[in-house]
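Being a predicted model, the structure only gives us computed values, none of them experimental. Just so it is clear, the values below take in all heavy atoms, side chains as well, and ignore hydrogens, waters and symmetry mates.
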Amino acid sequence: NAQRRISITSPYYVPDETIQMALVTAGSRGLDVELFVSEISDQFMVFHAQRSYYEQLLRAGVKIYLYRAPTVLHAKHLSVDDDVAIIGSSNMDIRSLSLHMELMVVVHGTEFVVDSLRPVEDDYRAKSRQVSLDGWLTRHRTEKALDNLMRMTSALM
């Protein structure tokens with residue numbers, strides 16, 4: 001039910017179809033949707049699988065920020081508009097959401113989201129590089145093939 005903004009921070013973004021379509025739809029509706037992930041990863045297969053989702057997100061207007069190396073951004077949180085935050089141990093991937101029984105806490109309140117979480121997101125944005133659709137489309141075809149191959153195996157990860 002987001003009206004203006006969705007911000008997701010996740011080291012591993014390998015969504016199921018429902019999550020991907022929800023973000024694509026939100027971005028296409030004109031909401032300010034942003035995804036913070038790392039520029040590098042400690043999980044080769046997951047890293048490449050998540051990259052296979054970027055083009056569709058970028059085409060829908062979702063902003064993708066790559067947290068600069070050498071740090072692997074390992075925070076996991078989501079904010080919706082100015083009044084809902086979800087923080088915990090779950091990644092935005094099907095294994096975390098359905099198999100690992102990870103814990104997430106929902107916090108309601110503008111004071112928490114705006115005063116506590118938003119400055120963290122602002123800091124991530126300042127320490128990241130934004131991905132452009134044009135730049136993404138010009139990456140080497142070997143990278144594209146590897147990303148798509150890893151996406152096909154993502155259910156096994």
Y67 reachable from V33 in the ILVMFWY side-chain graph, under 4.5 Å edges: no
CA sep, side-chain torsions, deciding dist, call: Y12, D42, side chain to side chain contact (heavy atoms under 4.5 Å, CB included): CA-CA 10 Å; Y12 311 119; D42 56 357; 2.5 Å; yes
Heavy-atom check, side chain of V24 versus side chain of L57, under 4.5 Å: yes
Co-membership, hydrophobic cluster, residues I86 and V62, 4.5 Å side-chain: yes
Residue pair S7 / E34: nearest heavy atoms and the distance that separates them: OG-OE2, 3.1 Å
R125/E121 salt bridge by N-O under 4.0 Å criterion: no
Side chain proximity check, R139 to D147, heavy atoms < 4.5 angstrom: yes
Shortest non-hydrogen contact from S79 toward V113: CB-CG1, 4.2 Å
Whether T25 side chain and A22 backbone form a donor-acceptor pair below 3.5 Å: no
Geometric class of the Y65/F36 ring pair [parallel <30°, tilted 30-60°, perpendicular >60°]: parallel
K144 bridged to E55 by N-O distance under 4.0 Å: no
ILVMFWY cluster membership beyond I40 - transitive side-chain contacts under 4.5 angstrom: V72
Beyond-backbone contact of V37 with L66, side-chain heavy atoms, under 4.5 angstrom: yes
Nearest atoms (heavy-atom pairs only) where A75 meets P11: O-CD, 3.3 Å
Joint hydrophobic cluster, L35 plus L73, side-chain heavy atoms closer than 4.5 Å: no
Row check, Y53 ring normal vs R151 NZ/CZ: under 6.0 Å, within 45°: yes
Hydrophobic cluster identity match, L103 and V107, side-chain contacts under 4.5 Å: no
Side chains of D82 and R4 in contact at under 4.5 Å (non-hydrogen atoms): yes
Contact summary for Y124 and H77, nearest pair of heavy atoms: CE1-NE2, 3.4 Å
Under 3.5 Å: donor-acceptor pair, side chain of S132, backbone of G135: yes
side-chain contact (heavy atoms from CB on, under 4.5 Å) partner of L78, chosen from V106, I8, T9: I8
Within-4.5 Å side-chain heavy-atom neighbours: Y13 and L23: yes
Heavy-atom check, side chain of E39 versus side chain of R68, under 4.5 Å: yes
Which residues share a side chain to side chain contact (heavy atoms under 4.5 Å, CB included) with R141, sequence neighbours left out: none
Q50, R51, Q56 screened by side chain to side chain donor-acceptor pair (under 3.5 Å) with Y54, the one that passes: Q50
Set of residues satisfying side-chain hydrogen bond (donor to acceptor under 3.5 Å, both in side chains) with respect to H140, sequence neighbours excluded: T142
Side-chain ion pair, K63 and D32, N-O less than 4.0 Å: yes
Linked, directly or transitively: V84 and V105 (ILVMFWY side chains, under 4.5 Å): no
Considering all heavy atoms, the nearest L117-A85 contact: CD2-CB, 3.7 Å
Minimum side-chain heavy-atom gap K76-S90 below 4.5 Å: no
Min side-chain heavy-atom separation L137-R59 under 4.5 Å: yes
Distance-minimising heavy-atom pair for M150 and T153: O-OG1, 3.0 Å
